[in-house]
Amino acid sequence: MADPLDPAPLAPWWRGGTIYQIYPRSFQDTDGDGVGDLAGVEARLDHVARLGADAVWLSPIFPSPMADFGYDVADYCDVDPMFGDLAAFDRVLARAHDLGLRLLLDFVPNHSSDRHPWFLDSRSSRTSPRRDWYIWRDPAPDGGPPNNWISDFGGSAWEWDAATGQYYLHAFLAQQPDLNWRNPDLRAAMLDVLRFWLDRGVDGFRIDVLWHIVKADGLPDNPVNPDWRPGITERDRLIQRHSTDQPEAHAIAAEFRRLTGGYDGERLLVGEIFLPNDRLARWYGTPGAPGVHLPFNFQLIEQPWDAAVLARVIAEYDASVPAHGWPNWVMGSHDAPRIAARVGECQARVAAMLLLTLRGTPTLYQGDEIGIGEVPIPPSQVRDPQELRQPGIGIGRDRSRTPMPWTGDAANAGFSTGEPWLPLNPDWRTRSVSAQEGDPGSMLHLYRALLGLRRATPALMLGSYEPLDGPPGVLAYRRRLGDEAVSVFLNLTAGQVTVPWSGTVLLSTLDGAAEPGTLHPNEGIIVA
Ligand code: GLC
């Protein structure tokens, strides 16, 4: 039977679809505490549907002390009172489905909160039944940490527990102890977490730091990174050879996939994984034992905004995706700098066209559709634990987590009646959803047009990717499916360039008529 939510019945929904990430703390507050909540998500889902996205990924909503703003989970099967309760979640899910949107939750398997009852039990004694659910080790002979591993947030990855005389491992904060996926009972308990939400009707998961979840047997020291220099994050002092990307983790991804595959309706698994192409591709698993559907590809965030570099990166990535896999592209997130801050507002329009015309499932991040740029965070308002632990090297994440400005006419941009937990973008009175609603030339309208065109054009959703030659500064490619072909020409510079294009312009990033044979400064066009 055809799936009523599927726009392209020949391919699973997530191939032609677009994912929109909501960071619930900063989407919409309804109770005046300055932090977004699930009732706010429910009230604003129509924005996502009107934009033309197909699925929403919600960053964590689970009970949490919020040491890492929800990525420290104290109960995997409930909702933090700050966000609402399970009934509020069910209303979000029902509303999403009414609007034709899928809903993905954030599954955080590498670590729990140190307040999770499992960890409280584990640290209570060396003989606790759940001792082995986390990674405990004796001190090194000198009494120091068991090995040289460094936390992703800086400092040793080991925390001393005086009461039981051992260290526990934490790849992130000490308040985020790593779970031991080699323990079968822990594994079974976590698979039950997936079942709990799948049975409730969620359409899949974004899996947090998936490549971290298993560590090499014996926990050997990680090699020193010869390229490290002061001014970059402490994590990079070492190469995470033994703490990440272990073969056993791939087997667990395959287990997740078997479990979700037993449910109807193409439930989706997206893995957060930072690796080079060849190793990223292995996370698709094999045709007989598939892993995640989409191992996140962050290269549009990591690479310089340069046409030649991007052309190479796109071609290499596209070629690295196995036949049984499907590509994907991410340009923003709650962890990454804002795209408009990185490349400027004019190029952010070109970036939107790139993201939404490449071969592969795009993930959009809330606020990028209105081009939120740099948001200065005064030192006294920094909340991100990563920035607090390693200040001043440009890795702060608060700048991308500022509240959604819904309207320029209401207090706090309509986000909250109370003081928002992070400052708003300084230009919120003019850069808001409602302000852009009334301006046909706005970023919001460009995103809608791009998503609309994508949906109406199977070649853009599902077609092949063929690079085209272009002059310096121009990224050009063709997407083709059967008889349908569209070409994309993106001028990544602020100068006029001569490009031999002709045909019917389906969409331009600029107002006004495109001129065949030319690209205006900062112009991107899609041509039939
Ligand atoms: C992921 C999340 C990030 C979090 C980290 C630890 O990278 O995206 O926000 O801090 O995992 O859970």
Side-chain angles (χ1 to χ4, degrees), residues 19-27 36 57-74 76 80 104-116 119 134-135 149-155 157 159 169-179 181 190 193 205-215 233-236 240 243-245 249 269-275 280 283 292 294-298 301-302 328 330-338 363-367 382-390 395-402 421-422:
I19 302 170
Y20 181 97
Q21 181 191 356
I22 289 182
Y23 192 68
R25 287 185 72 85
S26 300
F27 203 55
W57 147 34
L58 282 185
S59 275
I61 53 167
F62 317 107
S64 167
M66 303 287 164
D68 191 22
F69 298 111
Y71 286 94
D72 47 327
V73 179
Y76 286 100
D80 195 281
L104 312 179
L105 284 180
D106 212 313
F107 179 51
V108 188
N110 180 66
H111 44 267
S112 73
S113 161
D114 63 344
R115 312 273 180 82
H116 196 294
F119 187 70
Y134 293 83
I135 301 174
W149 293 3
I150 295 176
S151 148
D152 274 34
F153 290 157
E159 182 76 2
L169 181 68
H170 57 91
F172 295 87
L173 297 174
Q175 296 98 312
Q176 296 168 291
D178 279 37
L179 289 157
W181 278 83
M190 288 299 270
V193 170
F205 301 93
R206 173 268 190 186
I207 309 175
D208 191 63
V209 296
L210 176 60
W211 85 119
H212 269 266
I213 65 175
V214 182
K215 335 298 169 190
T233 164
E234 230 190 294
R235 172 195 63 208
D236 293 323
Q240 296 186 324
S243 48
T244 62
D245 200 28
L269 295 177
V270 183
E272 187 204 18
I273 298 161
F274 286 86
L275 288 173
L280 191 67
W283 286 88
V292 294
L294 303 175
F296 259 156
N297 163 25
F298 294 107
I301 293 175
E302 294 163 342
N328 78 94
V330 186
M331 197 129 58
S333 79
H334 65 297
D335 296 330
R338 285 279 181 195
T363 298
L364 314 178
Y365 179 55
Q366 73 178 45
V382 170
R383 305 290 299 270
D384 172 23
Q386 175 169 264
E387 173 70 9
L388 289 169
R389 291 172 59 85
Q390 299 182 73
I395 55 172
R397 302 177 297 178
D398 294 325
R399 58 189 168 180
S400 314
R401 299 175 176 185
T402 59
W421 75 288
L422 280 174

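Whatever order the structure lists them in is the order used to number ligands and atoms, beginning at 1. For reference, positions follow the sequence shown, starting with 1.
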**Student:** Are His170 and Phe153 an aromatic pair, judged by ring center distance below 6.0 Å?
**Tutor:**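 Between His170 and Phe153, which both carry aromatic rings, the centre distance is not below 6.0 Å.
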**Student:** Can you tell whether the side chains of Asp335 and Arg401 come within less than 4.0 Å, N to carboxylate O?
**Tutor:**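 Salt bridge between Asp335 and Arg401, a charged N being under 4.0 Å from a carboxylate O: yes.
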**Student:** Quick one: list whatever passes salt bridge (charged side-chain N to carboxylate O under 4.0 Å, His left out) with Glu272, sequence neighbours left out.
**Tutor:**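 For Glu272 the salt bridge (charged side-chain N to carboxylate O under 4.0 Å, His left out) partners, ignoring immediate neighbours, are Arg206.
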**Student:** State which residues pass ring pair (Phe, Tyr, Trp, His ring centres under 6.0 Å) with His212; sequence neighbours excluded, sorted by chain then number.
**Tutor:**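 Result, ring pair (Phe, Tyr, Trp, His ring centres under 6.0 Å) vs His212: Phe172.
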**Student:** Residues around ligand 1, heavy atom under 4.0 Å from any ligand atom, sorted by chain and number. Can you pull those?
**Tutor:**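 Correct list: Asp68, Tyr71, His111, Phe153, Phe172, Gln176, Arg206, Asp208, Val209, Glu272, His334, Asp335, Arg397, Arg401.
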**Student:** State which residues pass ring pair (Phe, Tyr, Trp, His ring centres under 6.0 Å) with Phe298; sequence neighbours excluded, sorted by chain then number.
**Tutor:**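 Partners of Phe298 under the ring pair (Phe, Tyr, Trp, His ring centres under 6.0 Å) test: Phe274, Phe296.
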**Student:** Please check this pair: side chain of Asp72 against backbone of Met66, looking for a donor-acceptor N/O pair closer than 3.5 Å.
**Tutor:**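 It does hold such a pair.
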